[in-house]
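Taking it in order: structure first as C-alpha cells, then the write-up.
This one's a predicted model, so the numbers in the text were calculated from it and none came from an experiment. Lettering of chains follows the sequences in order, A, B, ..., and the numbering in each one begins at 1.
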There are 2 protein chains.
Amino acid sequence: MAERPAPQPRRKRPRAGGVSLTSRAYEAIRSAILSGELPLGGPISGRGLARRLRMSLLPVAQALRQLENDGLVESRPRAGTVVRMPTAEDIRGHYVIREALETQSARLFAERATIAERRELRAMAAALDTLYAGKGGARQDANRTHATFHHRIAECAGCPELVSAIEKSHVLVLNWLYNSAADFHPPPRRWHRDLAEVLTRDDPEAADRKMREHVRFGLETVLRRLAASQRLADAAPRVFIRQRRRRQSSAKNPIQPTKPKR
Amino acid sequence: MAERPAPQPRRKRPRAGGVSLTSRAYEAIRSAILSGELPLGGPISGRGLARRLRMSLLPVAQALRQLENDGLVESRPRAGTVVRMPTAEDIRGHYVIREALETQSARLFAERATIAERRELRAMAAALDTLYAGKGGARQDANRTHATFHHRIAECAGCPELVSAIEKSHVLVLNWLYNSAADFHPPPRRWHRDLAEVLTRDDPEAADRKMREHVRFGLETVLRRLAASQRLADAAPRVFIRQRRRRQSSAKNPIQPTKPKR
DNA sequence: ATCCACACACTGATATATCAGTTTAACGTT
DNA sequence: AACGTTAAACTGATATATCAGTGTGTGGAT
C-alpha cells in the first residue's frame, strides 16, 4: 500500500464531563422530544441535530438508533427519521406491559415496603389528588408528580430492574400526553388516596387488583388524548423542508459539478 | 482550507439482502454469544469481529452498544468489551420482570385463547414433559422447546409487545443456561402439563397464580446453574490476548516507529 | 391547464483514519 | 527472585468523507 499523505491536524475537543458524546446526544434528543420541541410525528434531521449539538453525525446516528430501540422515533433507512406517532394498537400493547410491571411493583410494595415508606406513599397520594383537583395550570406538575409516585412505589419494591423498566414505560406515556393539552379529564377525587390505602394494607393480591384497575383507567386517558394529537398531526402533515433548487441548466450539460456549499 | 488529495477509490460492497450491516452484526454477535462461542465473561474485540464479519468497525460498535442495552455485554469505554456475567442479584431482578410479563401473558391466554390454541398448548406441554424426562442429550432441545412453549402462550395472548418483551427475556435466560451444562435438575414429571391444564381453564386469576409458581421454579434452576458458571469463569480469568512485543531497544532510542503490520 | 420525468438536495449508512485511554509484557531496579 | 516503571499494543469513541437511496419541485411535454 502506497504511503498516504499526512492528514491535516485536527482540533481536539475535550469531552465534557466524561460522558460520551453519544450519551449526550441521546439525552439531548430524548429531552427535546419529551419537551415537545420536536413534535409528535415531526421530522428529525440527523445532520441538523449534529450541527446544533456541535458534534459529528456519528454520535447522533447512534443515539437515534437507540431511541428507535426505545420506541421514541422511527427511521426509514434512506428517507428520514420522524418522532414516532403511536397507533391506538401500539398504546394498548404498551399498556399491557405497563399493567404487568405496575401490578408486580404493587405486589412487592405491599410485601416489602417499610412503615415509613407506606406513610410517605399515602402522603404523596393525597398531594397528588389535590394537584389533579386544582385548575388546569397544575396539570404538568401533576403529570410529573404522578410519574414520581409510581417511581417511588417501584423503588420501595426493591428491584432496580423493575424501576428502570417502569421508568422507560412512563417516558413513552408522558411523551404521548404532553403533546395534547386538550381533552383533559381529571381522575376521580380520591383516586390515588384509595390506591395508596390498598397498597399499604399488606395484601399483595388486593394491591395487584387495585393497581390493575388504576392502570386501565390510565389507558383510557391516553387513548383519548391520542385522538386529539392525531387530529393535530393530520392537520399539519409532516414534510421535509428543502433548499430551493437552482434553475436547471436547460439540457445536455453534464458538467457543472458545483459542489453545494459546505 | 487547503485542497485534500483525492481519496483512493473504494470497492463497493453491495448490501446483502437489504439488511443493514449493523443489524447483521447484531444478529451475528448475539448468536455467537448465545451459542456459547463467545463464553460468559469472555472478552470481545470489536476489531476482531469486524475483520471476521468483513465489515468496518462502525456497524460492530453500534451492534455492541445495542447489545449492551439488551444486557448481553458490558463495555468499559477505553478498555474493552466482555460478555456480561450476571450476578445473582441481577438474575433475581430479571426474574421479577419475567414473572410480571409471564403472569400477564398467562392471564390473557386464559381470557382470549381459542379452543384450538388451548388444545395445541396442552399437546406442547405433554411433549415438553417427555423431553425433560428423557436422557441428558435432549436437554438443549428441551430448552429450545421450553422457550417456544412460553412464546406460544404470549402469541395467543394477542399482544406483539408482550411477545417481544418475553422473547428478549428468554434470550438472557438461555444465555445463562447454555453455558453451564452441569447441575441439571429436571422439573417435576407433570410440571408443564399441570401448567397447561390451569391456563386452559378460562380462569385468569388461577392462570396468574400457576404461572407465578412456574417462573419462581425457573429462578431456582437458573441460580443453581449460575453458580456452576461462575466457578468455571473464576478458574479461567478473562484476559486480553495481545501480540508479543518486540524487544525494547535498550534505552534512549526514540526512533523506530515501526508501524505494526496491517 | 395538467401531467410526468428527471435533477438535485437531503437522508441515513458505512468506510477510513485518528484520538485518547487502558492493559500488560518486557525491562530495569532492588 | 520480587517489584515498580514504562511503552507497545490494543481498546472503544469520534471526526470526516463518501455512498446510495428518497422525495420534492421544476420544467418540458401533452
Side-chain angles (χ1 to χ4, degrees), chain A residues 4-15 18-25 43-50 54-62 64-65 68 73 75-82 238-251 253-254 256-261, chain B residues 4 6-15 18-25 43-48 50 54-62 64-65 68 75-82 238-251 253-254 256-262:
Chain A
R4 243 169 294 100
Q8 62 272 38
R10 194 169 302 165
R11 70 197 173 294
K12 108 175 181 188
R13 194 188 341 268
R15 245 184 298 145
V19 257
S20 78
L21 286 183
T22 301
S23 313
R24 281 209 295 142
I44 295 180
S45 158
R47 280 174 177 80
L49 282 172
R54 310 300 200 82
M55 60 181 68
S56 112
L57 175 59
L58 215 121
V60 173
Q62 282 189 274
L64 286 177
R65 178 170 283 270
E68 188 174 13
V73 309
S75 163
R76 286 164 306 164
R78 252 73 177 209
T81 305
V82 297
R238 70 198 190 194
V239 144
F240 297 96
I241 288 89
R242 311 221 152 160
Q243 209 175 83
R244 280 289 164 281
R245 279 171 69 191
R246 286 182 312 290
R247 290 308 173 108
Q248 198 172 328
S249 47
S250 78
N253 201 344
Q256 291 286 84
T258 52
K259 273 193 153 159
K261 63 184 185 305
Chain B
R4 239 169 295 97
Q8 58 272 38
R10 195 169 299 164
R11 70 197 171 293
K12 109 175 181 189
R13 188 178 358 258
R15 246 184 296 144
V19 248
S20 78
L21 286 182
T22 302
S23 312
R24 283 209 295 143
I44 295 180
S45 159
R47 280 173 178 77
R54 310 301 199 81
M55 60 181 68
S56 122
L57 174 60
L58 200 81
V60 173
Q62 284 190 256
L64 286 176
R65 179 169 283 270
E68 187 174 15
S75 164
R76 287 162 306 164
R78 251 76 178 204
T81 305
V82 297
R238 72 198 188 191
V239 145
F240 297 95
I241 288 89
R242 310 220 155 163
Q243 207 175 84
R244 280 287 165 281
R245 278 172 69 191
R246 290 181 312 291
R247 289 310 173 107
Q248 200 170 328
S249 47
S250 77
N253 202 344
Q256 291 287 81
T258 51
K259 275 195 152 158
K261 65 183 182 305
R262 279 222 299 234

If I take atom [atom1] in residue [X] and atom [atom2] in nucleotide [N], what distance separates them, rounded to the nearest angstrom?
X	N	atom1	atom2	answer
Arg78(B)	dA20(C)	CZ	P	9 Å
Leu57(A)	dC19(D)	CG	P	16 Å
Met55(A)	dT16(D)	CE	P	13 Å
Arg76(A)	dG12(C)	CZ	C1'	11 Å
Leu58(A)	dC19(C)	CG	C1'	14 Å
Arg54(B)	dT14(C)	CZ	C1'	17 Å
Leu64(A)	dA13(C)	CG	C1'	13 Å

Q. Starting at the 5' end of DNA chain C and moving along, which residue's nearest nucleotide shows up first, Gln62(B) or Gly48(A)?
A.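 This one resolves to Gly48(A).
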Q.
Let's see if you can work this out: which of dA13(D), dG12(C), dA15(C) has an atom nearest to the side-chain heavy atoms of Arg65(B)?
A.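 The answer is dA13(D), which lies nearest to the side chain.
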Q | Listed nucleotide nearest any side-chain atom of Pro59(A), set dA15(D), dA13(C), dA15(C) | A |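 Looking only at side-chain atoms, Pro59(A) lies closest to dA15(D).
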Q: Nearest 0.5 Å please: distance from the CG atom of Leu57(A) over to the CE atom of Met55(A).
A: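 Separation between the atoms: 11.0 Å.
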**Q.** Gap between atom CZ of Arg65(B) and atom CZ of Arg65(A) - 0.5 Å precision
**A.**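 One finds 12.0 Å between CZ of Arg65(A) and CZ of Arg65(B).
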For a quick test of reading the model: is some side-chain N or O of [X] closer than 4.0 Å to OP1 or OP2 of [N]?
X	N	value
Thr81(A)	dG12(C)	yes
Ser45(B)	dT11(D)	yes
Thr22(A)	dA13(D)	no

Q) Can you find a pair of side-chain heavy atoms, one from Leu64(B) and one from Glu68(B), that are under 4.5 Å apart? A)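 When only atoms from C-beta onward are counted, Glu68(B) and Leu64(B) do not touch, as no gap falls below 4.5 Å.
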Q | Non-hydrogen side-chain atoms of Leu21(A) and Leu58(A) separated by less than 4.5 Å | A |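 When only atoms from C-beta onward are counted, Leu58(A) and Leu21(A) do not touch, as no gap falls below 4.5 Å.
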Q) Hey, is the side chain of Arg47(B) pairing donor to acceptor with the base of dG12(D) inside 3.5 Å? A)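 Between dG12(D) and Arg47(B), which were checked side chain against base, a qualifying N/O pair under 3.5 Å is present.
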Q. Who passes side-chain hydrogen bond (donor to acceptor under 3.5 Å, both in side chains) against Ser23(B), sequence neighbours left out?
A.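 side-chain hydrogen bond (donor to acceptor under 3.5 Å, both in side chains) list for Ser23(B), sorted by chain: Ser20(B).
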